[in-house]
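Notes follow once the structure below has been shown.
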Amino acid sequence: MLLFCQFLEHKGPYFPPEYQPLPDNVHFYYDGKKVKLSLAAEEVALFFAQMLDHEYTTKKVFRENFFKDWRKEMTQEERLLIKDLDKCDFGEMHAMHTAKVEARRNMSKEEKQALKEANQKIVDEYGYCLLDHHKERIGNFKIEPPGLFRGRGEHPKQGMLKKRIQPEDVIINCSKESKIPVPPAGYHWKEVRHDNTVTWLASWTENIQGSIKYIMLNANSKLKGEKDWEKYEVARKLKSCVDGIRNQYLLDLKSKEMGVRQRAVALYFIDKLALRAGNEKEEGETADTVGCCSLRVEHITLHEQLEGSECVVEFDFLGKDSIRYYNKVPVIKKVFKNLKLFMENKQPGDDLFDRLSTSLLNKHLSSLMPGLTAKVFRTYNASITLQQQLKELTNQSDSVAEKLLSYNRANRAVAILCNHQRAPPKTFEQSMANLQVKVCVLVERKKAAVKRCEEQLLKMEVQATDREENKQIALGTSKLNYLDPRISVAWCKNMEVPIEKIYNKTQRDKFAWAIDMTEADFEF
DNA sequence: TGCTTGACTTAGCATTGATATT
DNA sequence: AATATCAATGCTAAGTCAAGCA
């Protein structure tokens, strides 16, 4: 058992303020008649009223879940009266909320400053802890406020009431010798324990899925930094043995044992496409999403020939966060043949890998290399791709702007590999057009000062290219979680690009360990 | 062995805040 | 000074994976 810390002391979590009843001039109406709701029912009604601008309040599942949970919060009398959500009029409540948002936006400088200072006070009081006698920032020191659960994708529990957490729900973890956090006046903690084998400071069980939520340290803490470093060291170790592992799974494709062949094909996908492991999920509890091991027959289509390539596998499935994975990939013949076999006599809804699970796969992987799991391949492939792309795309003689475009292109290659997507920014088309206009206007107007302008023009064009290429791609996730920061630090040193151009403040904080220790000759 | 639970990382979207533009 | 724009930060849902249990 690993001893994480000798001494942990903190103030306990920050609780969001209690619900304040509606002012007298704001009413709820049912079937055209004014109804004064009980405090509990009113609070939940307001959650719904606040979301009315969102499309999902029109969704059947959302509305049904909300109404069912709302009725649970009503008094008997209210329940008897309020039986149809369609007859509920939240108009005044919604208007009040909109007005509040507006008022907040129109606050004076002084009011905004006062608010900021009040928030900072909360951070100062609750945002830090003492770990092994060093002051460390806590990542999420606030208890999650109540509201309506949304979830991602077609979540069967969307609209359910996420309940308010009381101190009685919260377990505190701190050192025996430390000062015990004092619960809010009139309350007590569910439990105070002294477990130095875990890293969380407080926890509670959330009522939607029944899962545990934790209060933990910020990514810039020593503890998280060391863990992060370890993660990349494991990925680097994979680099030294990946050839052997690849040869092994290519051989396994011919195994007499069906389970071994399935494992080999799954590993081929995880390695080549950076798919996630794909644990089984409880049906009906979450949105229907899959990863590698949980792929179903309906998620792939085999093409003997497609667009000039042979043995093409067409993937189409919803992955983590219900993000669609769509890809057409030529594969080697042995993989193709195996896939055909795995799909024989199966229904679309059947598991593609019926003899394989993530635990089986990971057990196999850890026998090949200590610490090796499916997700290490994602880290390894992401980092090695960045390094190789940087080498390929950048020249010492490029301008800083060009170098940055190259860096972002390398970063983008990784994001595409890992399928990190985002919704195109809402104002994308417009802002893109504006940028193009600016490029034109700039050329028009500044012909006289061509030389100075050309630099600016180039920079803007580079920016335009960058943004166009970035339309659907989220770079942050790979930068923060998959790319060994030392690759980027070394690149900056070599290319004489300031580190601030690549990493913002948060990222520099998180990767302080790498910025400090990395030399220009670092090799992943 | 398979299933459940707990602890932790990864992830996209919403909000905030800094900067550029009008 | 007001407004538009976009990057940074905050939030918390949704994954991964190992350990404990039946």
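Below, read A as the first sequence line, B as the second, and so on, with proteins coming before strands; counting in each chain starts at 1. Computed from a predicted structure; not experimentally measured. Reckoned from all heavy atoms, side chains included, excluding hydrogens, waters and symmetry mates.
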**Message:** Tell me the interatomic distance from A:Glu144, atom CD, to C:dG10, atom C1', rounded to whole angstroms.
**Reply:** 12 Å
**Item:** Distance test, side-chain N/O of A:Thr199 to OP1/OP2 of B:dC8, below 4.0 Å
**Value:** yes
**Asked** Taking atom types as modelled, is there a side-chain donor on A:Gln507 or A:Asp509 under 3.5 Å from an acceptor on the other?
**Response** no
**Asked** Rounded to the nearest Å, what distance is computed from the NZ atom of residue A:Lys116 to the C1' atom of nucleotide B:dG17?
**Response** 8 Å
**Prompt:** Looking across every strand, which nucleic acid part, if any, lies under 4.0 Å from A:Leu480 by heavy atom: base, sugar-phosphate, or nothing?
**Reply:** nothing
**Message:** I want to verify a distance call: between B:dA7, B:dT16, B:dG12, whose nearest atom is closest to the A:Met216 side chain?
**Reply:** B:dA7
**Message:** If we count only N and O atoms by modelled type, under 3.5 Å, do the side chains of A:Asn411 and A:Ser478 hold a donor and an acceptor together?
**Reply:** yes
**Prompt:** Reckon A:His420 has a side-chain N or O less than 4.0 Å from the OP1 or OP2 of B:dA11?
**Reply:** yes
**Message:** With nearest nucleotide decided by heavy atoms, which residue, A:Ser359 or A:Asn481, maps closer to the 5′ end of DNA chain B?
**Reply:** A:Ser359
**Item:** Most 5' of A:Asn218 and A:Asn362 on DNA chain C, judged by nearest nucleotide
**Value:** A:Asn218
**Residue met sooner reading DNA chain C from 5', once A:Gly319 and A:Asn504 are mapped to nucleotides** = A:Asn504
**Request:** Provide, to the nearest angstrom, the distance between the CD atom belonging to A:Glu111 and the P atom belonging to B:dG17.
**Result:** 15 Å
**Prompt:** For A:Lys213 and C:dA13, is the shortest distance between a side-chain N/O and OP1 or OP2 below 4.0 Å?
**Reply:** yes
**Prompt:** Cut-off 3.5 Å, side chains only: do A:Asp354 and A:Gln262 have a donor facing an acceptor?
**Reply:** yes
**Request:** Any pair with a residue in residues 266-284 of chain A that passes salt bridge (Lys or Arg N to Asp or Glu O under 4.0 Å), sequence neighbours left out, goes on the list, sorted by first then second residue, please.
**Result:** A:Arg246-A:Asp271
**Message:** When you compare the side chains of A:Arg378 and A:Tyr482, does any donor N or O come within less than 3.5 Å of an acceptor on the partner?
**Reply:** yes
**Prompt:** Roughly how many Å is it from CZ in A:Phe149 to P in B:dC13, rounded to a whole number?
**Reply:** 15 Å
**Request:** Take the protein atom CG of A:Leu275 and the nucleotide atom P of B:dA11, then report the distance between them rounded to whole Å.
**Result:** 13 Å
**Side-chain N or O of A:Asn140 closer than 4.0 Å to phosphate OP1/OP2 of C:dC11** = no
**Request:** Would you tell me whether A:Ser488 and A:Tyr407 have side-chain atoms, one donor and one acceptor, within less than 3.5 Å of each other?
**Result:** yes
**Message:** Taking 4.0 Å as the cut-off, does a side-chain nitrogen or oxygen of A:Lys224 come that near to OP1 or OP2 on B:dT9?
**Reply:** yes
**Asked** So, is A:Lys162 close to the C:dA13 phosphate, meaning a side-chain N or O under 4.0 Å from OP1 or OP2?
**Response** yes
**Prompt:** Has the side chain of A:Lys375 got a donor or acceptor that lies under 3.5 Å from a partner of the other kind on the base of B:dT9?
**Reply:** no
**Prompt:** Where each residue is assigned the nucleotide of DNA chain B containing its nearest heavy atom, which of A:Ile212 and A:Lys320 is assigned the position nearer the 5′ end?
**Reply:** A:Ile212
**Request:** Give the rounded distance in Å between these two atoms: NZ of A:Lys112 and P of C:dA1.
**Result:** 14 Å
**Message:** Looking at B:dA11, I'd like to know if its phosphate oxygens (OP1 or OP2) sit under 4.0 Å from a side-chain N or O belonging to A:Arg276.
**Reply:** yes
**Prompt:** Using a cut-off of less than 4.0 Å, is there contact between a side-chain N or O of A:Gln421 and OP1 or OP2 of B:dG12?
**Reply:** no
**Prompt:** Can you tell me if the side-chain N/O atoms of A:Thr289 get under 4.0 Å from OP1 or OP2 in C:dG15?
**Reply:** yes
**Prompt:** What is the nucleic acid contact for A:Ala374, judged by heavy atoms within less than 4.0 Å: base, sugar-phosphate only, or nothing?
**Reply:** sugar-phosphate
**Message:** Whole angstroms only, please: what is the CG-C1' distance between A:Asn279 and C:dA18?
**Reply:** 11 Å
**Message:** Looking at A:Lys227, I'd like to know whether one of its side-chain N or O atoms comes within less than 4.0 Å of OP1 or OP2 on B:dC8.
**Reply:** no
**Request:** Indicate, with a heavy-atom threshold strictly under 4.0 Å, whether A:Gly476 touches base, sugar-phosphate, or nothing.
**Result:** nothing
**Message:** Just N and O in the side chain of A:Tyr214: are any of them under 4.0 Å from OP1 or OP2 of C:dT12?
**Reply:** no
**Prompt:** Pick one: which of A:Thr289, A:Asp321, A:Leu318 meets side-chain contact (heavy atoms from CB on, under 4.5 Å) with A:Arg152?
**Reply:** A:Asp321
**Prompt:** Would you say B:dG12 has OP1 or OP2 under 4.0 Å from some side-chain N or O of A:Thr477?
**Reply:** yes
**Message:** Under 4.0 Å from OP1 or OP2 of B:dA11: is there any side-chain N or O of A:Arg378 that close?
**Reply:** yes
**Asked** Could you state the CZ-P distance from A:Arg152 to B:dT10, rounded to the nearest angstrom?
**Response** 16 Å
**Prompt:** Just checking A:Gly278: base, sugar-phosphate only, or nothing, at a heavy-atom cut-off of under 4.0 Å?
**Reply:** sugar-phosphate
